[in-house]
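Comments concern the structure below.
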Amino acid sequence: LYLPQFHPTKRNDEWWGKGFTEWTNVASAKPLFRGHVQPRIPADLGFYDLRLPETREAQAKLAKEAGLNVPKDWYVDLRREIVLPQDIEFPIFVKPCNSVFCDKNEMKVVKSKQDLMEHLLTMKDTFINRSVLLQEYLEIEKEYDFSGIAAGEKIFIPGVLEKEKIANFEKGVSISGKMHPVEKIPEFKKVISKLKKFLVSLKYHGMFDMEMNLVNGKLYFGEINFKSGEQSFSYTLSGANLPDAVVKSFRKINFTEPTG
């Protein structure tokens, strides 16, 4: 699930005024110290709305161009007559692009065309104005979080968090994990240059957390969130204070050294 503030929500309309999103703050940001360049307007992806299939497809396309493994996916628009793509392979993972009250029960693995249609019709009855992601179902062996700082051509990924709690329908949620140095794990060494190429292509400056899943010995791109994730405290405990590092990056101070 993505932070809802990057697209309009009823609650934000009530609290902050109609049409407010986090992009409102991005565009109105002002520099707070010398070297702090603000506002920073999004590059190729623009003021993206992750409810839209086109946005997620654009992210996946950039990841593929960087050489990352990306699961096959398809989209169904519930506002129209439901027509299933011809090349779907079962089992398949179903995930709404925007959920109702973050209801994880809407995420489901279905094993047949009949089950898929029944689930989509139920979702359509619940809330019609949305799209649904249909994704190649992968038997995830391990789930990893790559958190760090992106600043133009300079990418800082101080380590990789191996999540110890993995649930098929709650991907991204972990209570505990192990921190690994990037250079010590063969799978990470193979993919790290591709991850950095992907991040550079996004032209983003700030903190990020990226989900990668190990399937049959291969790391697959899951999703990327442009924010400080709940895992950032684990990085701080391991000696990489990412909030401190991102401030240094804006002040043009070396931010790739471990900080306490």
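Computed from a predicted structure; not experimentally measured.
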Spacing of [atom1] belonging to [X] relative to [atom2] belonging to [Y], to within rounding of 0.5 Å:
| X | Y | atom1 | atom2 | answer |
| --- | --- | --- | --- | --- |
| Asn69 | Leu214 | CG | CG | 10.5 Å |
| His119 | Met107 | NE2 | CE | 10.0 Å |
| Leu133 | Lys95 | CG | NZ | 7.0 Å |
| Leu134 | Leu120 | CG | CG | 6.0 Å |
| Met117 | Ile82 | CE | CD1 | 5.0 Å |
| Met123 | Lys108 | CE | NZ | 10.5 Å |

Looking at [X] and [Y], would you say the former's side chain and the latter's main chain have a donor-acceptor pair under 3.5 Å?
| X | Y | result |
| --- | --- | --- |
| Asn241 | Thr236 | no |
| Glu136 | Asp73 | no |
| Tyr220 | Val215 | no |
| Lys124 | Arg80 | yes |

Any ion pair linking Glu143 and Lys163 (charged N to carboxylate O, less than 4.0 Å)?
yes
Partner residues of Glu89 under the side chain to side chain donor-acceptor pair (under 3.5 Å) criterion, sequence neighbours left out
Lys72
Under the side chain to side chain donor-acceptor pair (under 3.5 Å) test, residues paired with Ser112 that sit two or more places apart:
Asp115
Mind running side chain to side chain contact (heavy atoms under 4.5 Å, CB included) on Asn213 and Tyr144 for me, showing each step along the way?
CA-CA 6 Å; Asn213 301 310; Tyr144 298 102; over 6 Å; no
Would you say that more than 12 heavy atoms from the other residues, nucleotides or ligands in this model lie under 6.0 Å from the CG of Asp87, or not?
yes
Over 12 foreign heavy atoms within 6.0 Å of CD, Glu14
yes
Can you sort out the partners of [X] under side-chain contact (heavy atoms from CB on, under 4.5 Å), two or more places apart, ordered by chain and number?
| X | result |
| --- | --- |
| Pro181 | Glu183, Lys184 |
| Thr24 | Phe20, Thr21 |
| Lys64 | Val70 |

Does the side chain to side chain contact (heavy atoms under 4.5 Å, CB included) test come out yes or no for Val94 and Val109, once each step is laid out?
CA-CA 6 Å; Val94 182; Val109 176; over 6 Å; no
For residues 195-208, which side-chain N or O atoms pair as donor and acceptor with protein atoms under 3.5 Å away, sequence neighbours left out?
unit_1: Ser201; atom_1: OG; unit_2: Phe198; atom_2: O; d: 2.5
unit_1: Lys203; atom_1: NZ; unit_2: Asp44; atom_2: OD1; d: 3.3
unit_1: Tyr204; atom_1: OH; unit_2: Met207; atom_2: N; d: 3.4
unit_1: Tyr204; atom_1: OH; unit_2: Met207; atom_2: O; d: 2.5
unit_1: His205; atom_1: ND1; unit_2: Arg40; atom_2: NH2; d: 3.4
unit_1: His205; atom_1: NE2; unit_2: Ser249; atom_2: OG; d: 2.9

Which atom names give the shortest non-hydrogen contact between [X] and [Y], and what distance separates them?
| X | Y | answer |
| --- | --- | --- |
| Phe90 | Lys111 | CB-O, 3.6 Å |
| Leu242 | Pro158 | CD2-CG, 4.0 Å |
| Gly177 | Leu161 | C-CD1, 3.9 Å |
| Met179 | Gly159 | SD-C, 4.1 Å |
| Lys194 | Gly67 | CD-O, 3.3 Å |

Side-chain contact, heavy-atom cut-off 4.5 Å: [X] with [Y]?
| X | Y | answer |
| --- | --- | --- |
| Phe250 | Gln38 | yes |
| Lys113 | Leu84 | yes |
| His180 | Glu162 | yes |
| Ile88 | Leu116 | yes |

Contacts of Trp74 meeting ring pair (Phe, Tyr, Trp, His ring centres under 6.0 Å) (sequence neighbours excluded), chain-then-number -> none
Show, in sequence, the C-alpha distance, side-chain angles and deciding distance for Asn216 and Glu141, and conclude whether the side chain to side chain contact (heavy atoms under 4.5 Å, CB included) test is met.
CA-CA 8 Å; Asn216 295 325; Glu141 299 161 21; 3.8 Å; yes
Under the side chain to side chain contact (heavy atoms under 4.5 Å, CB included) rule, what do Phe255 and Val246 come out as? Steps first, then yes or no, please.
CA-CA 7 Å; Phe255 62 90; Val246 76; over 6 Å; no
List the atom pairs, with distances to 0.1 Å, where a side-chain N or O of residues 185-192 and a protein N or O form a donor-acceptor pair under 3.5 Å, not counting sequence neighbours.
none

Tyr235 and Asp145: side-chain donor and acceptor closer than 3.5 Å?
yes
For Glu65, give me all partners under salt bridge (Lys or Arg N to Asp or Glu O under 4.0 Å), at least two apart in sequence or on another chain.
Lys61
Taking salt bridge (Lys or Arg N to Asp or Glu O under 4.0 Å) as the definition, give me every residue that meets it alongside Asp13, ordered by chain and number, with sequence neighbours left out.
Lys18
